[in-house]
Amino acid sequence: MNNNNNKPRPFDVDMSPFRDFMQRMDTFFNQSFKQMNPLFGFRPFWIDVDENDSEIIVKANLQGYKRNQIQLETFGNQLRIIVQNNTEKDAIDHKKGSQYKQQTHQQMDRTITLPFEIPKNETNASFHDGELKVTIPKIDNRRKYINIDE
C-alpha cells in the first residue's frame, strides 16, 4: 500500500542545507581574496546577508570609501553592489624638466541573488560609518491565492 502522507508537499523543502552551503562558499571566496590581497593590492569588501520573516538585509563593510564611490544596481532578482576608486596623480620633475600623470581606476562588485524579484521602490539603502545597509522587503506581487468554494 502506498502511503502519500510521507511525501513532502510542494515547496515544503528545508532550505537550511542550501543556505549553509552558500555561506561556506562565500566564506571560501572571502578567505581566498584575503590571501590574494597583499599580492595584487585588492581591497575586497565583505558582505553579510541576513533575513527575517519580512525582509532580507544585506550589509557591506566599505570602510575607507565615500558614498559617491558606491553604486547599487538591481536586475530582476539580483542586487549588485559596485565600488569604484579613481585616483589621479600629477608630478613635475624640475631637474629633468619632465611631467607625468598617473591615473588609476579600480572597480569591485558583488552580486547577491535572491529567490524573488527585488521590489525597487520598496527597497531602502543607507551608508553610515563605512557600512552599507540594503533592506529588501519580501514582496512577491506575482503570487496569487485562489479561494476554494465549498
Within a strict 4.5 Å, meaning less than it, do heavy atoms of the [X] and [Y] side chains meet?
X    : Y    : value
D109 : V83  : no
I57  : K133 : yes
I47  : I112 : yes
I82  : L72  : no
I92  : Y100 : no
T123 : T74  : no
L132 : F127 : yes

Task: CA sep, side-chain torsions, deciding dist, call: Q78, T113, side-chain hydrogen bond (donor to acceptor under 3.5 Å, both in side chains) - done: CA-CA 4 Å; Q78 295 184 329; T113 303; 3.3 Å; yes
TODO: Start with the C-alpha gap between N85 and T104, add the side-chain angles, then the distance that decides, and say whether side-chain contact (heavy atoms from CB on, under 4.5 Å) holds.
DONE: CA-CA 8 Å; N85 188 20; T104 306; over 6 Å; no
Open item on the list: For D48, is there an ion pair with K59 - N to carboxylate O distance below 4.0 angstrom?
Closed with: no
Task: Which atom of F45 lies closest to which atom of I81, heavy atoms considered - done: CZ-O, 3.7 Å
Task: Q103: partners by side-chain hydrogen bond (donor to acceptor under 3.5 Å, both in side chains), with sequence neighbours left out - done: E88
- [ ] Tell me, with the steps shown, if N52 and S54 meet side-chain hydrogen bond (donor to acceptor under 3.5 Å, both in side chains).
- [x] CA-CA 6 Å; N52 57 38; S54 61; 3.3 Å; yes
Side-chain ([X]) to main-chain ([Y]) donor-acceptor, under 3.5 angstrom:
X    : Y    : value
Q63  : D129 : yes
N77  : L114 : yes
R110 : W46  : no

Open item on the list: Tell me which one of E117, E51, E122 satisfies salt bridge (charged side-chain N to carboxylate O under 4.0 Å, His left out) with K138.
Closed with: E51
TODO: With rounding to the nearest 0.5 Å, note down the distance linking CG in L62 to CD1 in I70.
DONE: 4.5 Å
- [ ] Mind checking the CZ-OG1 spacing from F75 to T111? Nearest 0.5 Å is all I need.
- [x] 11.5 Å
TODO: Show your working on side-chain hydrogen bond (donor to acceptor under 3.5 Å, both in side chains) between Q84 and Q107 and close with a plain yes or no.
DONE: CA-CA 4 Å; Q84 296 182 0; Q107 179 173 313; 3.1 Å; yes
